[in-house]
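Per chain, numbering begins at 1; letters A, B, ... match sequence-line order.
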Amino acid sequence: MAKWLVKTEPSECSIDDFAKAENQIIPWDGVRNYQARNFLKEMSEGDEVFVYHSSCRHIGIAGIVRVVKSSYPDPTQFRADSPYHDPKSTRENPRWQAVDMAFVRKLERLIPLDGIKSMQGLEGLPLIRRGNRLSVMPVTEEQWRIILASA
DNA sequence: GCCAACGTTGGC
DNA sequence: GCCAACGTTGGC
């Protein structure tokens, strides 16, 4: 079972939104970066995912969700009224993918970015690499264990 | 295929 | 609000 991390602005979609959502499921759509999309395609049902809150007051990992539906064409790319609309994408050859994720739990205390940066053994984690902008990334079992051990 | 210009991300 | 870093676009 693979592990992942996704970034989100909590004003858009937070771990609390997962807890409150119908069936506690939210489609993870609107990803418009090829590298991130390729990781979405690799996700399988049951994979666990850290939810990282970015661009906000308390930056860090706030909770855990789980993939409940593996990748499918992101419907927002076809909607002319969506901010995620991509006029170059077609139904026959869709560019962008989404997955469905479900709430697992909120961490009792957020794991702050500073803490993550100071942990030993996370050197390979894209999140803490300088200038990194990847919004969907793999997390190794070892990295997952190290991060959770601090929670 | 190169690369400058531009828009976006995201921490501070 | 600032700005460094990065990805994308488009002219050539």
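Per the geometry, CZ belonging to A:R129 stands 17 Å off C1' belonging to C:dA4, to the nearest Å. Nucleotide B:dT8 holds its C1' atom 14 Å from the CG atom of A:N132, rounded to whole Å. Rounded to an integer number of Å, the gap from CG of A:N38 to P of C:dG7 is 13 Å. Here the C1' atom of nucleotide B:dG10 and the CD1 atom of A:I128 are 16 Å apart, to the nearest Å. A:L5 has its CG atom 14 Å from the C1' atom of B:dG10, to the nearest Å. With rounding to whole Å, A:L134 atom CG is found 11 Å from C:dT8 atom P. Residue A:E9 contributes atom CD, which lies 8 Å from atom C1' of B:dT9 at whole-angstrom precision. Following rounding to the nearest Å, A:N33 (CG) and B:dT9 (P) show an atom-to-atom distance of 10 Å.
Remark: A:K41 is not positioned above the aromatic ring of A:F39, lacking an NZ or CZ atom under 6.0 angstrom from the ring centre and at most 45 degrees off the axis.
Looking at A:T76, A:D74, A:L40 one by one, the single match for side-chain contact (heavy atoms from CB on, under 4.5 Å) with A:V31 turns out to be A:L40.
Electrostatic pairing of A:K3 and A:E141 counts as a salt bridge here, judged by a charged N lying under 4.0 Å from a carboxylate O. A salt bridge does not link A:R32 to A:D86: none of the charged nitrogens lies less than 4.0 Å from a carboxylate oxygen.
Applying the 4.0 Å criterion to OP1 and OP2 of C:dT8, one finds that A:K88 has every side-chain N and O outside that range.
By the 4.5 Å side-chain criterion applied to Ile, Leu, Val, Met, Phe, Trp and Tyr, A:W96 is assigned to a cluster that also includes A:Y34.
A heavy atom lying under 4.0 Å from DNA chain B marks the following residues of residues 52-63 of chain A, by number: A:Y52, A:S54, A:S55, A:I59.
Closest to the A:K7 side chain, of the nucleotides C:dT9, B:dG11, B:dG10, is B:dG10.
Within a 6.0 Å sphere centred on CZ of A:R95, heavy atoms belonging to other residues, nucleotides or ligands number more than 12.
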